[in-house]
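Counting starts at 1 for both ligands and their atoms, in listed order. Owing to the predicted nature of the structure, the values given are computational and were not obtained by experimental measurement.
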Amino acid sequence: MRFLITGAAGFLGAPLANSLISDGHSVVGLDDLSTGDPDRLSPEVHLVRGDINDRPKLWTLLQGVDCVYHLAARVIVPESVLYPREYNLVNVGGTVTLMEAMRDVGVKRVVFISSGSIYGNQKNQPMKETFRPQPRSPYAVSKLAAEFYIRTIGELWKIETVVLRVFNAYGPEQRLPPAHAPVIPYCIKQALDNGTIVIHGDGKQTRDYVYVDDVADAMVRASMTNDINRLIMNVGSGEETSVNEIAKIVMEISEQKPEIVHNQHHDSGPARMCADISLAHAKLGYQPKISLKEGLLKTMLQDKRFNRNRSS
Ligand code: NAD
């Protein structure tokens with residue numbers, strides 16, 4: 001099959017592209033390289049640098065494509081609070097531009113990577129796809145608006161749509177500006193650089209952490225499975241883990257035995273987030289394979305600082 005991946009050079013896009021290539025498929029990538037890195041990609045991926053709102057470029061890249069994975073997006077939540085217009089332009093406008101180009105070229109299926117953040121604060125856990133979304137940031141609003149556009153115009157234009165709401169993905173190659181680093185790269189960096197992990201608040205807030213290869217597996221299944229048109233499915237580990245637990249495992253793996261310190265609380269989002277993954281299991285046969293401890297070890301083993309500390 002031939003695929004177009006938008007955001008192909010990103011943290012989640014690149015392992016997906018590489019996995020499709022190793023399964024013998026043909027992959028074209030579109031990425032503006034704002035946060036993506038072409039070095040993550042197998043040389044067999046045909047990567048084109050460009051913007052998701054560049055309609056003529058999309059039109060060219062979509063020729064002969066069987067299915068699109070749409071991942072290109074701005075992804076930094078605090079940045080979205082400062083620049084909501086930009087997040088709307090790329091995450092919502094870019095999605096509509098892509099759908100129009102798909103309609104014009106006649107591409108039949110899109111897998112859209114949405115986010116668990118659309119749920120916001122929910123009293124009941126784990127969260128099912130039927131829960132009423134309560135987005136708390138312009139980023140989450142943009143992902144939810146894009147979901148609605150994808151499904152509504154997909155239905156009107158007879159384009160098959162599948163939406164995956166990915167929870168907190170982690171793994172090697174997760175790079176975000178240090179001030180905005182998610183919990184796992186933040187804890188690893190602190191442990192390896194400073195020997196101290198500073199946790200904001202009491203560290204009891206929980207998230208559903210899912211290893212990057214398990215997310216890639218869910219994405220591949222979403223494009224290959226029949227009779228799932230219009231479905232929205234959660235993709236996570238199905239397990240809830242606190243920041244304190246993450247810090248404890250990072251300490252166990254790290255031979256430097258870092259210290260954990262708590263500082264003044266600041267708003268770190270919903271208190272609890274855990275995905276109910278039974279729908280993706282039933283419809284896609286999705287079952288995460290990498291435990292948190294194993295995933296953290298794999299992530300740290302690919303970190304130069306970890307290996308440097310071990311050999312010194
Ligand atoms: P990422 O920043 O590594 O990937 C996004 C990619 O999109 C980057 O390669 C970036 O260069 C590209 N991009 C940004 N703006 C673009 C534009 N205007 N035109 C073309 N390309 C553009 O982040 P990621 O974590 O790999 O996220 C990929 C997708 O997965 C996003 O849609 C994100 O919302 C979604 N997601 C990620 C997570 C997670 O935990 N990483 C969780 C839920 C959802």
Exercise. Crowded around Tyr149 OH? As in, over 12 foreign heavy atoms under 6.0 Å?
Worked result: no
Exercise. Of all the atoms in ligand 1, which lie at a distance below 4.0 Å from a heavy atom belonging to Ala73?
Worked result: 5 (C), 7 (O), 14 (C), 15 (N), 31 (C), 32 (O)
For this session: Under 4.0 Å from a heavy atom of Ser115: give me the atoms of ligand 1 that qualify, with their elements.
Result: 43 (C), 44 (C)
Exercise. Once you round to the nearest 0.5 Å, how far does CG of Leu12 lie from CE of Met219?
Worked result: 5.0 Å
Seminar exercise, completed: shortest atom 4 (O) of ligand 1-to-protein heavy-atom contact is with Gly10 CA, 3.6 Å
For this session: Decide whether an N or O pair under 3.5 Å exists between Asp31 and ligand 1.
Result: yes
Exercise. Take atom NZ in Lys57; do more than 12 heavy atoms of anything else shown fall under 6.0 Å from it?
Worked result: yes
For this session: Could you check atom 35 (C) of ligand 1 against the protein and tell me its nearest heavy-atom contact, residue, atom and distance included?
Result: Ile113 CG2, 3.8 Å
Exercise. Where's the contact between Val90 and ligand 1, heavy-atom distance under 4.0 Å: side chain, backbone, both or neither?
Worked result: side chain
For this session: Determine whether any heavy atom of Gly50 lies closer than 4.0 Å to an atom of ligand 1.
Result: yes
Problem set entry | CG on Leu30 to CG on Leu47, rounded to 0.5 Å | 8.0 Å
Exercise. Looking at atom 18 (N) of ligand 1, what's its closest protein heavy atom, distance included?
Worked result: Asp51 OD2, 3.1 Å
Exercise. For the side chain of Arg109 and the backbone of Glu160, is there at least one donor-acceptor N/O pair under 3.5 Å apart?
Worked result: no
For this session: Taking Lys158 for its side chain and Lys108 for its backbone only, find out whether a donor-acceptor pair lies under 3.5 Å.
Result: no
Exercise. Quick one: does Arg221's side chain have a donor or acceptor within less than 3.5 Å of a partner on Leu284's backbone?
Worked result: yes
For this session: Say whether Phe11, considering both its backbone and side-chain N or O atoms, lies within less than 3.5 Å of an N or O atom on ligand 1.
Result: yes
Problem set entry | Contacting atoms of ligand 1, where contact means under 4.0 angstrom from a heavy atom of Ile52 | 17 (C), 18 (N), 19 (N), 20 (C)
Problem set entry | Nitrogen or oxygen atoms of Leu71 and ligand 1 under 3.5 Å apart | yes
Exercise. Would a distance-only check, ignoring hydrogens and angles, find a side-chain to backbone donor-acceptor pair under 3.5 Å from Asp208 to Glu240?
Worked result: no
Problem set entry | Which atom of Phe131 lies closest to which atom of Gln122, heavy atoms considered | CD2-OE1, 3.6 Å
Problem set entry | For atom 34 (O) of ligand 1, closest protein heavy-atom neighbour | Tyr139 OH, 2.6 Å
For this session: Could you tell me whether Glu129 and Arg165 have a side-chain N and a carboxylate O separated by less than 4.0 Å?
Result: no
Problem set entry | Under-4.0 Å heavy-atom contact with ligand 1, by part of Ser117 that carries it | neither
Exercise. What protein heavy atom sits nearest atom 44 (C) of ligand 1, and how far away is it?
Worked result: Ser114 O, 3.1 Å
Problem set entry | Aromatic ring pairing Phe3/His25, orientation class (parallel under 30°, perpendicular over 60°, tilted between) | perpendicular
Exercise. Counting both backbone and side chain atoms, is some N or O of Asn168 under 3.5 Å from an N or O of ligand 1?
Worked result: no
For this session: For Asp104 and Trp59, indicate whether the former's side chain and the latter's backbone hold a donor-acceptor pair under 3.5 Å.
Result: no
Exercise. Ring centroid separation for Phe167 and Tyr209, is it under 6.0 angstrom?
Worked result: no
Exercise. Is Asp32 touching ligand 1 with its side chain, its backbone, both, or neither, if touching means heavy atoms under 4.0 Å apart?
Worked result: both
Exercise. Tell me, which protein residue and heavy-atom name are nearest atom 6 (C) of ligand 1, and how many Å apart are they?
Worked result: Gly7 CA, 3.7 Å
Problem set entry | ligand 1 N/O within reach of Leu12 N/O, cut-off under 3.5 Å | yes
Problem set entry | Protein heavy-atom partner closest to atom 40 (O) of ligand 1 - residue, atom, separation in Å | Ala169 N, 2.9 Å
Exercise. Hey, does the side chain of Asn244 reach the backbone of Asp202 with a donor-acceptor pair shorter than 3.5 angstrom?
Worked result: yes
Exercise. Hey, which atoms in ligand 1 end up nearer than 4.0 Å to a heavy atom of Gly36?
Worked result: 8 (C), 9 (O), 10 (C), 11 (O)
Exercise. Which atoms from ligand 1 have a heavy atom of Ala9 less than 4.0 Å away?
Worked result: 9 (O)
Exercise. Judged by atom type as modelled, is there a donor-acceptor pair below 3.5 Å linking the side chain of Gln205 to the main-chain atoms of Gly269?
Worked result: no
Seminar exercise, completed: Logged contact type for Tyr170 with ligand 1, heavy-atom cut-off 4.0 Å, is neither
Problem set entry | Pairs flagged by side-chain hydrogen bond (donor to acceptor under 3.5 Å, both in side chains) wherever residues 70-83 is involved - sequence neighbours left out | Thr6-His70, His70-Thr95, Arg74-Glu79, Arg74-Glu86, Glu79-Tyr87
Exercise. With a cut-off of 4.0 Å, which atoms of ligand 1 are near a heavy atom of Leu33?
Worked result: 11 (O)
Exercise. Quick check: are there more than 12 heavy atoms from other residues, nucleotides or ligands sitting under 6.0 Å from CH2 of Trp157?
Worked result: yes
Exercise. Among the heavy atoms of Ala14, does any lie under 4.0 Å from an atom of ligand 1?
Worked result: no
For this session: Determine whether any heavy atom of Gly94 lies closer than 4.0 Å to an atom of ligand 1.
Result: no
Exercise. Does an N or O anywhere in Gln174 fall below 3.5 Å from an N or O of ligand 1?
Worked result: no
Exercise. Given that the side chain starts at C-beta and the backbone is N, CA, C, O, which of these parts of Asn91 lies under 4.0 Å from ligand 1, counting heavy atoms, or is it both or neither?
Worked result: neither
Seminar exercise, completed: shortest atom 27 (O) of ligand 1-to-protein heavy-atom contact is with Val75 CG1, 3.9 Å
Exercise. Who gets closest to atom 43 (C) of ligand 1 by heavy atom: Val166, Ile184, Leu30, Val215?
Worked result: Val166
For this session: Enumerate the atoms of ligand 1 whose separation from the nearest heavy atom of Thr35 is less than 4.0 angstrom.
Result: 1 (P), 2 (O), 8 (C), 10 (C), 11 (O)
Problem set entry | Ligand-residue contact atoms, ligand 1 with Phe167, heavy atoms, under 4.0 Å | 40 (O), 42 (C), 43 (C)
For this session: Select one of side chain, backbone, both or neither to describe which atoms of Lys143 lie under 4.0 Å from any atom of ligand 1, heavy atoms only.
Result: side chain
Exercise. Within the distance-only criterion (no hydrogens, no angle test), does the side chain of Arg272 pair as donor or acceptor with the backbone N or O of Gln125 below 3.5 angstrom?
Worked result: no
